[in-house]
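Following: one structure in structure tokens, then a few remarks.
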Amino acid sequence: MAGQSRRDFLRLTGAAAVTALTVPANAAMGPADKFDLLIKGGDVIDPSQSLRGKRDIGIRWGVIEAVEADIPVERALRSIDAGGRLVMPGLVDLHSHVYPYGSAIGIPPDELVQFQATTTVVSAGDAGVNNLAALRRFIVAQSRARIYAFVHIANNGLSAFPVAELYNIDNAQVEACAMALAENPDFLLGVKVRMSENVIFKHGLEPLKRGIQACERCGWPARMMVHIGGVETGELMSQILDLLRPGDVLTHAYSGAPNLNGAFTNIVQNGKLLPAALAAKQRGVLFDVGHGGGSFDFTVAEVAIPGGCGPDTISSDIHVFSGNTPGTPFLPNVMGKFLAMGVSLEQVVSMATSAPAKIIGKVPKLGSLQVGAPGDVAIMDVAEGPVSFVDTRGNKRDGKLQLKPVQTVINGVPFGRPYQSPFSVR
């Protein structure tokens, strides 16, 4: 705990505190010292350091201590045989809903680990000012998965389903939101707003403007995460894009959801990419997938990506409703959809590890397998053969690869029991 005061420690919560305290340690190993965990013989892929090939990973004190061609099993207290499997950094899900009980749609984050291989997740607006403290105390502090959040511009967050949180614009309190950001810079990334017509009624740009004002008043460079899909008019969609600042996140970027009149008013309209979408991308607005139960359309992505608006991050938008939809938005499955569209495995892994970790920007080397990084590792089977992927509007695309999580390691500790497979932990 050198260099960390008691006040510093208390500022942090859950796994984030563990990581903050362990990452700087990285003390040199003596001849008799052993790794706490060795992941051996896997096909390692880590786009953050352009690494692809067979490597062994040694973890000590919750931190990656060594990545080498061959580390003898005798040098570790415990080992995992990852032979024949893909080994990558623990996945980072930039858009999820992990506030059970406090949000109407939240799933406990640790229950997602075996299905998603997610070691870090971001709560995308589950909590507003009124219930943010409970998210920190009762969910973040008691979860093994590392959690960050966008606070909702609406004071009540996503607790009011099925009544939309911004039908009453008075729920969007700029000063209160700015204060929450100012008080939680270690945990919050910025402000979430949902700009669909069925959420904001006839309030136009006002909810987004209030979110931006809160970001700009809080005293640190907070980001917006802006949900689209079924925007009231095509003109409003362009105006939303024009307001976004470099570093802000456009989530559900490839949504094909219609507005209340059945019109398609998202970034692709009448089969063409909006000029405002390309302009936003070019000035540094980040495009996030946010698949969910109704927010990913192959036909939109297939126009937007070659038009210059490819995704920066792949996220699930997993929640209690979306997880049961035909699109199956568990993060590895969403990654598979982009593989089917011709995106390379290295790019897909980057979009679900180092790219969202860079947006979070709280933990050095998060989303990587570099020496000194948190000991977060995802071990997956790569199923080769014909597979059909479905989007949220019933469109199907055929692929040849599917990622299937086998074991996840968080801060150097295998999560749960090994699943029933030839895989073993010694």
Side-chain angles (χ1 to χ4, degrees), residues 29 33-93 110 112-120 144-146 330-333 335-336 339 344-346 348-350 352-354 357 365-385 400-426:
M29 292 182 68
D33 292 333
K34 292 181 179 288
F35 297 106
D36 298 318
L37 180 66
L38 174 63
I39 301 171
K40 189 162 182 63
D43 180 11
V44 172
I45 179 169
D46 180 9
S48 76
Q49 50 184 328
S50 301
L51 175 60
R52 179 71 190 274
K54 186 176 179 181
R55 296 289 191 280
D56 295 346
I57 300 172
I59 301 175
R60 184 172 180 243
W61 297 346
V63 177
I64 294 177
E65 183 81 25
V67 180
E68 300 175 5
D70 183 34
I71 300 175
V73 172
E74 294 74 20
R75 290 190 61 196
L77 299 174
R78 196 178 189 193
S79 65
I80 294 175
D81 179 6
R85 293 190 163 91
L86 195 63
V87 176
M88 64 185 69
L91 300 188
V92 180
D93 194 348
D110 289 348
L112 291 170
V113 174
Q114 65 175 312
F115 302 106
Q116 292 215 131
T118 42
T119 56
T120 301
R144 285 185 59 191
R146 188 179 293 101
F330 294 94
L331 188 53
N333 196 55
M335 294 165 71
L339 292 173
S344 72
L345 179 61
E346 286 76 11
V348 164
V349 173
S350 175
T353 56
S354 56
K365 300 183 180 181
L366 181 67
S368 81
L369 296 175
Q370 300 175 45
V371 172
D376 294 355
V377 183
I379 302 171
M380 298 199 191
D381 277 331
V382 180
E384 297 187 23
K400 297 179 180 179
L401 294 176
Q402 194 169 16
L403 300 174
K404 296 186 176 182
V406 175
Q407 178 73 72
T408 306
V409 175
I410 300 180
N411 282 318
V413 180
F415 194 94
R417 296 181 304 228
Y419 309 121
Q420 296 301 313
S421 72
F423 170 87
S424 64
V425 177
R426 183 177 68 85

Study note, to complete from the structure: Heavy-atom closest pair (V92 atom, G367 atom, distance to 0.1 Å) is CG2-CA, 4.4 Å
Point to revise | Spatial distance of atom CZ (R55) from atom CD (E68) [nearest 0.5 Å] | key: 10.0 Å
Point to revise | Audit row: L112, D93, side-chain contact (heavy atoms from CB on, under 4.5 Å) steps and yes/no | key: CA-CA 11 Å; L112 291 170; D93 194 348; over 6 Å; no
Exercise for review: Write down the atom of D46, the atom of P89, and the distance for their closest heavy-atom approach.
Suggested key: OD1-CG, 3.8 Å
**Study point:** Beyond-backbone contact of L369 with V377, side-chain heavy atoms, under 4.5 angstrom
**Key:** yes
Point to revise | L403 side, atom CG; Q116 side, atom CD - distance, nearest 0.5 Å | key: 12.5 Å
Practice item. Take I80 and V409 through the side-chain contact (heavy atoms from CB on, under 4.5 Å) test and state the conclusion after the steps. Key: CA-CA 10 Å; I80 294 175; V409 175; 4.2 Å; yes
Study note, to complete from the structure: All heavy atoms of D381 vs all of R85, minimum pair found to be OD1-NE, 2.8 Å
Review point. Distance-only, no hydrogens or angles: does the Q402 side chain make a donor-acceptor pair with backbone N or O of A383 under 3.5 Å?
Key: no
Exercise for review: Kindly say whether F415 contributes a backbone atom to a donor-acceptor pair with the side chain of Q407 at under 3.5 angstrom?
Suggested key: yes
**Study point:** Rounded distance [0.5 Å steps], CZ in R146 versus OG1 in T118
**Key:** 11.5 Å
Review point. Salt bridge or not for R60 and D33, using N-O below 4.0 Å?
Key: yes
Review point. Looking only at side chains, do Q370 and S48 share a donor and an acceptor under 3.5 Å apart?
Key: yes
Point to revise | Stepwise side-chain contact (heavy atoms from CB on, under 4.5 Å) test for R75 and M29 | key: CA-CA 11 Å; R75 290 190 61 196; M29 292 182 68; 4.2 Å; yes
Check your understanding: For atom NZ of K404, is the number of surrounding heavy atoms from other residues, nucleotides or ligands below 6.0 Å larger than 12?
Key -> no
Revision key, fill the gap. dist D36:CG -> R78:CZ (nearest 0.5 Å) comes out at 10.5 Å
Point to revise | L366 versus A357, closest heavy-atom pair with distance | key: O-CB, 3.1 Å
Check your understanding: Taking it one step at a time, do L345 and M335 satisfy side-chain contact (heavy atoms from CB on, under 4.5 Å)?
Key -> CA-CA 9 Å; L345 179 61; M335 294 165 71; over 6 Å; no
Point to revise | Results of side-chain contact (heavy atoms from CB on, under 4.5 Å) for K40 - residues two or more places apart only | key: L38, D56, D70, V73
Study note, to complete from the structure: Here the gap from L77 atom CG to K34 atom NZ, rounded to the nearest 0.5 Å, amounts to 6.5 Å
Review point. Under the criterion side-chain contact (heavy atoms from CB on, under 4.5 Å), which of I39, I57, D376 is the partner of I64?
Key: I57
Practice item. Output all residues satisfying side-chain contact (heavy atoms from CB on, under 4.5 Å) with D43, sequence neighbours left out; order by chain, then residue number. Key: R52, L86
Study note, to complete from the structure: Looking only at heavy atoms, the pair that brings I71 and G58 closest together is CD1-N, 4.0 Å
Exercise for review: State, to 0.1 Å, how close T353 and G90 come at their nearest heavy-atom pair, and which atoms those are.
Suggested key: CG2-O, 4.0 Å
Study note, to complete from the structure: Taken to the nearest 0.5 Å, the spacing of S79 OG from I59 CD1 works out to 12.0 Å
